[in-house]
Enquirer: 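I'd like to ask you about the structure that follows.
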Amino acid sequence: MRRWNISHLIFYSKNNQKREIGFNVNGVTIITGASNTGKSAVISSIDYCLASSSCKIPSFITQRVKMVCSVWTNGTTNLLIGREIAENGKATSKMYITYGSKIDIPDRIEDIQGKVNETEARVLIETLFGFQGVNDDNLKLNTGKISLRFLTPYIYLDKSVIDSDNLLLNGLNDHQKAQKIIDSIPYFLGAIDIQELEDLGRLKGLEKGIDAETKKQEKFESMQSETVRNGNQLIKEAAQLGILEDETFDDRDTLINILNDVQNWNYKEIVFEKKEILDNLNKEKIKILENANKLRNQINIAKVSNEINTEFKDVLDIQIAKLKTENFFHHNSNSCPICNSDIDDKLSETSDLLKISLSKLSKEADVVKQQKPKINAYIIDLENAYIDYQNKAKELQDAINVLFKESQSATMQKEMNQSISRLIGRISYFLDQNTEAVTFDRNKLMQYLSEANSIKEKYNKSSKEQKLETASREISILTTSNLKQLPRGIPLENCNVNFFTKPPRLVITEIETGQKIEFENIGSDENYLSLHLSFSFALQKYLSSINAPVPALLILDQVSRPYYPKSEKESERDIKEIDEDESALVKHFEFIFDKVEKDRDLQVIILEHAYFKKYDFATRYKWPRSGNERLIPSDWPIK
């Protein structure tokens with residue numbers, strides 16, 4: 001025996017009880033039973049031992065089991081793989097590896113030897129299974145490598161695959177690992193060795209790196225070119241203003257340094273030819289403007305006072321107008337001023353007071369009339385003085401302007417300083433925008449290009465494609481031959497099956513019409529079951545011929561699925577009344593036993609609802625609904 005088979009699956013309870021399931025090595029093992037007896041958990045338990053990233057074992061089992069082990073053999077070496085289950089039913093990295101020419105299955109968990117972590121376990125299993133180069137110390141273990149986990153498409157035909165109309169291989173419906181499975185197919189089909197696969201994986205990374213560095217280079221060169229062009233333009237303008245020499249620079253850093261220095265330029269002082277006279281004129285102008293401002297304030301105050309005086313006069317005029325009725329009466333102290341009738345002494349006093357008030361109002365009105373012209377005159381005098389100050393200030397400014405015009409050098413220097421100030425402002429903005437340059441490592445790009453070219457030269461792509469085509473053709477021929485031995489209907493009655501690796505798919509070609517039919521359009525559960533079995537056994541045959549590092553194992557979950565109703569009662573029945581020569585289901589079983597008989601390395605485990613008396617010799621376990629037998633005993637404690 002060259003390839004690996006599984007001989008045992010062992011479960012250890014939380015109180016150290018052991019449940020051992022044995023399989024027929026180099027033969028067919030049938031396990032029958034009702035739903036919820038644990039048949040399907042055989043696949044998830046084996047998979048868990050093969051270092052899966054998660055634990056998909058049903059909770060009924062994980063609640064009662066502390067550790068699960070699987071025992072493998074290739075005829076000369078035996079391998080025990082154990083893995084603990086966490087209290088919450090999740091996966092752990094605590095694994096155990098023991099191998100040798102003879103292995104005794106421990107009765108207790110404490111007796112299991114070879115504790116390793118999950119990563120170490122994968123490497124050991126891969127090495128024993130025959131993965132070339134995986135355990136090389138020079139190769140880093142990472143998710144991009146060919147892994148033990150890529151074996152599952154070749155050994156599991158679970159309920160999601162065995163009669164599926166859209167899924168060819170286990171795992172291709174998982175988007176997280178589907179591409180890795182596809183990428184690993186050339187390795188398992190012998191079209192590429194592990195080192196080449198690693199190198200081609202490295203090439204993909206290099207090509208991404210080259211693309212990233214090339215974009216950096218383009219951006220870097222674009223920014224460099226723009227910075228140099230704009231920087232030289234600023235230097236040219238600085239040269240025109242006499243700050244720098246008129247030069248052109250190709251180096252960005254040199255440009256930045258020169259322009260940084262320009263920001264510290266010291267402006268030349270503006271020198272006036274008649275500075276002393278100008279200073280005196282400015283001082284005199286300032287003094288006059290100060291006096292003018294004082295007059296402006298006095299004018300404002302006087303105008304406010306005048307407005308108040310005017311308002312007071314208006315009020316008095318109204319009162320005086322009311323009191324002019326006095327002129328129509330002849331008043332004395334003993335008679336009423338209105339009707340001249342005699343009045344008593346008290347009324348006479350009131351009359352006298354009224355007369356006194358009338359007299360006072362008249363006097364105040366006279367005073368207001370006398371003062372208003374004086375205030376108006378005062379305001380006029382102030383405004384005239386203010387105008388004089390303004391005229392004087394204008395005369396002084398005119399004199400100052402004349403002095404500026406007469407000082408040609410001062411005017412030119414002033415304009416020059418203004419131009420330099422504007423230029424330095426633009427330089428400052430330019431430097432703020434270009435201080436941080438895009439980093440670009442040219443050596444890194446050249447290294448990537450050199451390594452990528454070496455890999456491309458080392459491996460001939462056409463050689464790999466030719467090997468893949470050869471493998472696909474041989475698998476297609478084997479699948480077509482297998483299909484002829486199985487029950488099938490239209491369009492599989494007379495056809496050729498073609499297998500393609502990118503993406504993995506089967507295409508049917510009708511021999512008579514030449515029509516090509518995609519896998520999804522075949523129709524009929526029976527057709528899909530026959531096609532999956534034909535392909536899986538063809539794949540195993542080819543893998544055996546090239547000694548691929550894939551166990552010689554197929555696990556089939558309910559071959560009878562297309563033939564029996566989903567009713568649990570029906571699916572448990574004892575199948576013994578069928579015409580064995582005509583039964584389509586029996587043909588499938590005959591096909592399986594025939595293939596195992598011809599390929600002495602191959603092992604098949606069938607998980608079935610139906611019990612076939614004819615194959616009682618291969619039926620190791622029967623777990624009917626009415627019995628107590630289960631994968632895991634129901635009386636195992638949860639704690």
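When reading the values below, keep in mind they use all heavy atoms of this one structure, side chains included, and skip hydrogens, waters and symmetry mates.
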Enquirer: For the backbone of Y96 and the side chain of R83, can you confirm whether one donor and one acceptor N or O come within less than 3.5 Å of each other?
Expert: no

Enquirer: Do you know which two heavy atoms are closest between K66 and I109, and how far apart they sit?
Expert: CD-CD1, 3.7 Å

Enquirer: Minimum heavy-atom separation for S40 and L607, please, with both atom names.
Expert: CA-CD1, 4.2 Å

Enquirer: When you measure from the side chain of E126 to the backbone N and O of L148, does any donor-acceptor pair fall under 3.5 Å?
Expert: yes

Enquirer: Can you list every ring-ring contact (aromatic ring centres under 6.0 Å, His included) pair that touches residues 463-497, not counting sequence neighbours?
Expert: none

Enquirer: Name each donor-acceptor pair under 3.5 Å that joins a side chain in residues 517-524 to protein atoms two or more places apart or in another chain, with its distance.
Expert:
residue	atom	partner	partner atom	Å
S524	OG	E526	N	3.3
S524	OG	N527	N	3.3

Enquirer: Please confirm whether R505 makes a cation-pi placement over F500, using NZ or CZ under 6.0 Å from the six-membered ring centre and within 45° of the ring normal.
Expert: yes

Enquirer: Does the distance from a Lys or Arg side-chain N to an Asp or Glu carboxylate O, for D616 and K614, drop under 4.0 Å?
Expert: no

Enquirer: Give me the atom names and distance for the closest heavy-atom approach of T619 to F612.
Expert: OG1-O, 4.5 Å

Enquirer: Do the side chain of E512 and the main chain of N494 share a donor and acceptor less than 3.5 angstrom apart?
Expert: no

Enquirer: Does I605 offer a backbone N or O that forms a donor-acceptor pair with the side chain of T29 under 3.5 Å?
Expert: no

Enquirer: Is D183 paired with K502 through a side-chain N to carboxylate O contact shorter than 4.0 Å?
Expert: no

Enquirer: Tell me the closest heavy-atom pair linking L478 and A538, and the distance in Å.
Expert: CB-CB, 3.5 Å

Enquirer: Tell me, please, which residues at least two apart from F23 pass ring pair (Phe, Tyr, Trp, His ring centres under 6.0 Å).
Expert: none

Enquirer: Do side-chain atoms of S450 reach the backbone of M446 as a donor and acceptor pair under 3.5 angstrom?
Expert: no

Enquirer: Whether R473 and E469 form a salt bridge (side-chain N of Lys/Arg under 4.0 Å from carboxylate O of Asp/Glu) is what I want to check.
Expert: no

Enquirer: For a quick check under 3.5 Å, do K595 and N482 share a side-chain donor-acceptor pair by atom type?
Expert: yes

Enquirer: Inspect the contact between E465 and K467 and indicate whether a charged nitrogen and a carboxylate oxygen are less than 4.0 angstrom apart.
Expert: no

Enquirer: If you define the side chain from C-beta out and look only at heavy atoms, does anything of V596 sit under 4.5 Å from D594?
Expert: no

Enquirer: Given L172, which partner from the list V161, I182, N166 fulfils the side-chain contact (heavy atoms from CB on, under 4.5 Å) test?
Expert: I182

Enquirer: Would you check if there is a donor-acceptor pair between the side chains of N496 and S476 at a distance under 3.5 Å?
Expert: no

Enquirer: With side-chain contact (heavy atoms from CB on, under 4.5 Å) as the test, would you mind laying out the steps for K102 and D104 before giving the verdict?
Expert: CA-CA 7 Å; K102 186 176 185 307; D104 294 323; 2.9 Å; yes

Enquirer: For N5 and N74, does a side-chain donor sit closer than 3.5 Å to a side-chain acceptor?
Expert: no

Enquirer: Just wondering, do E608 and V559 contact through their side chains at under 4.5 Å, heavy atoms?
Expert: yes

Enquirer: Whether the D525 and Y563 side chains hold a donor-acceptor pair (N or O, under 3.5 Å, no angle test) is what I'd like checked.
Expert: no

Enquirer: Between the side chains of H532 and S164, does any donor sit under 3.5 Å from an acceptor?
Expert: no

Enquirer: List the residues meeting ring pair (Phe, Tyr, Trp, His ring centres under 6.0 Å) with Y12, not counting sequence neighbours, and say none if there are none.
Expert: none

Enquirer: Does any donor atom in the side chain of N443 or Q447 lie under 3.5 Å from an acceptor atom in the other side chain?
Expert: no

Enquirer: Can you measure from CD1 (I81) to CD1 (I6) and round to the nearest 0.5 angstrom?
Expert: 8.0 Å

Enquirer: Give the intermediate values and the outcome of side-chain contact (heavy atoms from CB on, under 4.5 Å) for residues I21 and V42.
Expert: CA-CA 9 Å; I21 304 295; V42 170; 5.7 Å; no

Enquirer: If every non-hydrogen atom of C495 is compared with every non-hydrogen atom of T480, which pair is closest and at what distance?
Expert: O-CG2, 3.6 Å

Enquirer: Using atom types as modelled and distance alone, determine if a side-chain donor or acceptor of T98 lies under 3.5 Å from a backbone N or O of Q113.
Expert: yes

Enquirer: What's the verdict on side-chain contact (heavy atoms from CB on, under 4.5 Å) for C69 and I112, showing C-alpha distance, side-chain angles and the deciding distance?
Expert: CA-CA 10 Å; C69 297; I112 300 174; 3.8 Å; yes

Enquirer: Among Y99, F129, W4, which residue meets the ring-ring contact (aromatic ring centres under 6.0 Å, His included) test with W72?
Expert: F129

Enquirer: Nearest 0.5 Å, please: how far is CZ in R625 from OG1 in T37?
Expert: 8.0 Å

Enquirer: Angle class for the Y187/F131 ring planes (parallel below 30°, perpendicular above 60°, tilted otherwise)?
Expert: tilted

Enquirer: Run the side-chain contact (heavy atoms from CB on, under 4.5 Å) check on I185 and Y154 step by step: do they pass?
Expert: CA-CA 10 Å; I185 287 176; Y154 308 100; 3.6 Å; yes

Enquirer: Any heavy-atom pair between the side chains of Q540 and I155 that's under 4.5 Å?
Expert: yes

Enquirer: Could you walk me through whether E629 and R19 pass the salt bridge (Lys or Arg N to Asp or Glu O under 4.0 Å) check?
Expert: CA-CA 11 Å; E629 280 291 312; R19 169 65 161 160; 3.4 Å; yes

Enquirer: Ignoring hydrogens and angles, state whether a donor on the side chain of T509 or Q515 is under 3.5 Å from an acceptor on the partner side chain.
Expert: no

Enquirer: Determine the sole option in T73, L80, V71 for which the side-chain contact (heavy atoms from CB on, under 4.5 Å) test with H8 is passed.
Expert: V71

Enquirer: Just verifying a value: how many Å separate N498 CG and S472 OG, rounded to the nearest 0.5 Å?
Expert: 9.5 Å

Enquirer: Rounded to the nearest 0.5 Å, how far does OG of S534 lie from CZ of F591?
Expert: 5.0 Å

Enquirer: Could you state the interatomic distance from CZ (R561) to CG (L529), rounded to the nearest 0.5 Å?
Expert: 9.5 Å

Enquirer: Backbone N or O of N117 within a donor-acceptor pair of the E120 side chain at under 3.5 Å?
Expert: yes

Enquirer: Which residues pass the side chain to side chain donor-acceptor pair (under 3.5 Å) test with Y615, sequence neighbours left out?
Expert: E590

Enquirer: Do you know the tightest heavy-atom contact between H609 and T32?
Expert: O-CB, 4.4 Å

Enquirer: Kindly say whether R149 contributes a backbone atom to a donor-acceptor pair with the side chain of S147 at under 3.5 angstrom?
Expert: yes

Enquirer: Checking K56 against Y48: charged group under 6.0 Å from the ring centre and within 45 degrees of the axis?
Expert: no

Enquirer: Nearest 0.5 angstrom please: L9 CG to I46 CD1, how far?
Expert: 5.5 Å

Enquirer: I'd like to know if the side chain of R3 and the backbone of V550 have a donor-acceptor N/O pair within less than 3.5 Å.
Expert: yes

Enquirer: Residues two or more places apart in sequence or in another chain: which of them pass ring pair (Phe, Tyr, Trp, His ring centres under 6.0 Å) with Y448?
Expert: none

Enquirer: Using ring-ring contact (aromatic ring centres under 6.0 Å, His included), reason through F499 and F535 one step at a time and then give a plain yes or no.
Expert: CA-CA 9 Å; F499 169 56; F535 174 67; 5.0 Å; yes

Enquirer: Between the side chain of D174 and the main-chain N/O of A178, is any donor-acceptor distance below 3.5 Å?
Expert: no

Enquirer: Tell me, yes or no, whether the heavy-atom count around I511 atom CD1, taken from other residues, nucleotides or ligands under 6.0 Å, exceeds 12.
Expert: yes

